[in-house]
Peer 1: 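Pasting a structure here, questions to come.
Quick note on labels: first sequence line is chain A, next is B, and so on, each numbered from 1.
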There are 2 protein chains.
Amino acid sequence: MNIYDIAKKANVSTATVSRVLNNPETVKEETRKKVQKIIDKYGYKPSHIARGLATNKTNTIGIMVPDIRNPFHANSAFLLEQNLVSKGYNSILCNTSEEPEQKLKYFELLNQKGVDGIILLGASYGDKVLEERFEELNKSISIVLINNIIGDNSTFVICDEKNGLDQSIGYLKSKDYKNPIYIQDKQKYITRASVSKKEGFLKAIKKYYPNLINENLILELKEDLEEYEKIIEFLKSNVEVDSIQFEKDTSAIKFLKVAQKYNIEIPEKLAVIGFDNIDLTNYTYKSLSTIDHKIEEHCNIAIDLLIKKMNGETVKNNNYIIPKFIKKETS
Amino acid sequence: MNIYDIAKKANVSTATVSRVLNNPETVKEETRKKVQKIIDKYGYKPSHIARGLATNKTNTIGIMVPDIRNPFHANSAFLLEQNLVSKGYNSILCNTSEEPEQKLKYFELLNQKGVDGIILLGASYGDKVLEERFEELNKSISIVLINNIIGDNSTFVICDEKNGLDQSIGYLKSKDYKNPIYIQDKQKYITRASVSKKEGFLKAIKKYYPNLINENLILELKEDLEEYEKIIEFLKSNVEVDSIQFEKDTSAIKFLKVAQKYNIEIPEKLAVIGFDNIDLTNYTYKSLSTIDHKIEEHCNIAIDLLIKKMNGETVKNNNYIIPKFIKKETS
DNA sequence: CTGTTAGCGCCTTCAT
DNA sequence: ATGAAGGCGCTAACAG
């Protein structure tokens, strides 16, 4: 059942059917009703593919996330998808991993599929090939980055991580914790957010703990239960350390498990703070103090920006969101 | 840059370019190389939209999950997407919620978008309108269900939950736990899996605890920290109860938090068992005993079935996977 | 207000 | 082995 069939049965031209579908106000009520009746009767729905070819629009947005299994990404993808659907768009989800080649591959795929826009969530740091291709695509297709910056012309929404770290370390100071350290995730690819958090931590330490700066403030560890045993050892040989800021909640949550195993009293003997405020932080045996990334705000703004870009409007490229420290039970 | 441009520059017809793209073996090596060189030079990539219109194929699969924020769904969606990509398909992800109207809406959307197939994950139970529409669509488009059965002609991959419950309750018996109960999630829509698990529990109780059957074996509660305080009360007034089987891991994990609050000794005074074996079960303060749903197996089989169906092969409709009880630290 | 018609970019049959 | 041409379903001028 296509537009010709409907036109024939309704005794009008395909143009009229098309108008009823897309600009009902431009067709006389009488014929409109006549056509609509046929449409309803046969349950006719226009093909998005044909429409896409004719209009060069697909009403489809590509969403690229590194890994949907990460609850932070899952939450983002969910919010993005729901918001897009409510605005008449639907979305192709891509798990790009952190590999630049994979991201590149998905860029090309989305481009070939004719998506109207792309939202790219998370990392991608310093890969020349990817950046070059991005710069090109960025001219012909609307792209908005979340938690990422690529080159000089990208539109991005990012979290002001440094501000978040200032809040959490300031809190530790106010609670008289003497010596915070920072656990950084050891990863194959360094990300902007990761660098920014680390710098934010050091800056906050300098501000709140001016006499503390030494090389041992930062441990770089794989996000892994066994690896985290090293933290226990570290704590034993650095008894003054009484608080830990993790790069993200998932890491902190894994550490809580290890800490429990060694009967470390949290928060009395050790404060633990995560970053992101994923839902899970409420379900650990002590709910995890964390820094709310305000992901929903990121997503909503990103979509607003994207839609404006797709409509040809110019938008502000640099968009920062201030996160918020949330005290729970581990600090 | 389209196929005409390439044809012109290569001094051949569009048909030849198309052949180089799709059936390279049918074109003389010399011309093939000539054309390919032009294609590479201009980085030409054919439009999936035009191709879709011409071939009536999109190489796109719709993946419908109730809510990607649920880690079980996220994991499934990830596995499905990765597997599909490796086979040359890409996927549109839909968060359908549990509402039948939403699912219906997404069915229509995917249909309009011309997806080659659909994988529907999870619930949908007893909604007539949805079922009717499903039966219709099921004739014209390849659909495979995971964890769900709709009508009599659907192809599905489901978990043999009863077997899983038999394993877990059998284990409790072997460890001399005296009185297991079952916590069912109170939800707006009852699902096949939910019913099957409950029945499996009752059946296993009858088998391993023949003298125990009473109305108090099953509590129906919302998946919610506050609501779970009721379990604590229940345990106080039913001191013989020493083990709980939850409907799924996420519920059990929330309960662990409540149990911790009341200093309930797990597993000494109370065994707790989940269902699904999501990653998180390894990171609770005591890792959660659970029943491995074998989701990867589900996904792989579902995709194999789907691809066969899309190729017009007939497949086995009823596919059962046997789950596996995994003892961890809470039992 | 409505109809005619020429694309949109690609594939595919039918000739050659 | 290659080219010519029609068609996929819809939209959007342009006429009328």
Side-chain angles (χ1 to χ4, degrees), chain A residues 1-39 42-60 88 108-116 140-141, chain B residues 1-39 42-60 88 108-116 140-141:
Chain A
M1 184 98 329
N2 61 27
I3 202 170
Y4 285 96
D5 300 324
I6 300 296
K8 198 171 294 170
K9 290 190 195 294
N11 238 324
V12 295
S13 73
T14 62
T16 298
V17 178
S18 180
R19 288 191 193 98
V20 171
L21 255 22
N22 302 300
N23 305 93
E25 67 281 3
T26 68
V27 27
K28 192 165 57 167
E29 182 175 348
E30 192 185 325
T31 46
R32 174 161 30 99
K33 282 189 175 166
K34 180 176 65 177
V35 173
Q36 191 62 53
K37 194 172 276 178
I38 303 288
I39 290 178
Y42 292 93
Y44 163 72
K45 307 258 171 151
S47 153
H48 282 19
I49 299 178
R51 189 175 269 177
L53 189 59
T55 62
N56 201 26
K57 287 191 153 301
T58 54
N59 283 337
T60 302
E108 303 299 352
L109 173 70
L110 292 174
N111 199 28
Q112 280 189 275
K113 299 224 69 141
V115 296
D116 298 336
S140 59
I141 175 175
Chain B
M1 184 91 337
N2 61 29
I3 202 169
Y4 285 95
D5 301 323
I6 300 296
K8 199 172 293 169
K9 291 191 193 293
N11 239 323
V12 296
S13 73
T14 61
T16 298
V17 178
S18 179
R19 287 190 194 101
V20 170
L21 255 22
N22 301 302
N23 305 93
E25 68 281 3
T26 67
V27 28
K28 195 166 52 168
E29 183 175 349
E30 192 185 325
T31 46
R32 174 160 32 98
K33 283 188 175 167
K34 180 176 65 177
V35 173
Q36 190 61 52
K37 195 172 276 180
I38 304 287
I39 290 178
Y42 292 92
Y44 163 72
K45 307 258 171 151
S47 152
H48 282 21
I49 299 178
R51 191 175 267 179
L53 190 58
T55 62
N56 200 26
K57 287 191 152 301
T58 54
N59 282 337
T60 301
E108 303 298 353
L109 173 70
L110 292 174
N111 198 29
Q112 281 189 275
K113 299 227 63 139
V115 297
D116 298 335
S140 59
I141 175 176

Peer 1: Mind checking whether A:Val20 and A:Gln36 have side chains closer than 4.5 Å, heavy atoms only?
Peer 2: yes

Peer 1: If I take atom CG in residue A:Asn111 and atom P in nucleotide C:dG9, what distance separates them, rounded to the nearest angstrom?
Peer 2: 13 Å

Peer 1: What one-letter contact string describes nucleotides 5-11 of chain D from 5' to 3', where B marks a base within less than 4.0 Å of any protein heavy atom, S marks contact via sugar-phosphate atoms alone, and - marks no contact?
Peer 2: B-BBBBB

Peer 1: With respect to the phosphate group of C:dT2, does any side-chain polar atom (N or O) of A:Thr31 fall under 4.0 Å of OP1 or OP2?
Peer 2: yes

Peer 1: Do the side chains of A:Lys34 and A:Glu30 get close enough for a salt bridge, i.e. N-O under 4.0 angstrom?
Peer 2: no

Peer 1: If the test is side-chain contact (heavy atoms from CB on, under 4.5 Å), which one of B:Val27, B:Thr31, B:Val35 qualifies with B:Val17?
Peer 2: B:Val35

Peer 1: Would a 4.5 Å heavy-atom cut-off, applied to side chains only, mark A:Asn2 and A:Ser47 as touching?
Peer 2: no

Peer 1: Can you check the A:Lys57 NZ to C:dG7 C1' distance for me, whole Å?
Peer 2: 18 Å

Peer 1: Within this structure, what is the CD1-CG distance for the pair A:Ile6 and A:Leu21, rounded to the nearest 0.5 Å?
Peer 2: 9.0 Å

Peer 1: Just how far is it from atom CZ of A:Arg32 to atom CZ of A:Arg19, taken to the nearest 0.5 Å?
Peer 2: 13.5 Å

Peer 1: Do B:Asn59 and B:His48 come close enough that some side-chain heavy atom pair is under 4.5 Å?
Peer 2: no

Peer 1: Would you tell me if any nitrogen or oxygen in the side chain of B:Thr16 comes within less than 4.0 Å of OP1 or OP2 on D:dG3?
Peer 2: yes

Peer 1: Using the C1' atoms of the five pairs at each end, what is the angle between the end axes of the helix from C:dC1-D:dG16 to C:dT16-D:dA1, to 10°?
Peer 2: 40°

Peer 1: Any idea which heavy atoms bring A:Leu53 and B:Ile49 closest together, and the distance?
Peer 2: N-CG2, 3.6 Å

Peer 1: From NZ of A:Lys8 over to C1' of C:dT2, roughly how many Å is that when rounded to an integer?
Peer 2: 18 Å

Peer 1: Once you round it to whole Å, what is the distance between C1' of D:dA12 and CG of A:Asn23?
Peer 2: 10 Å

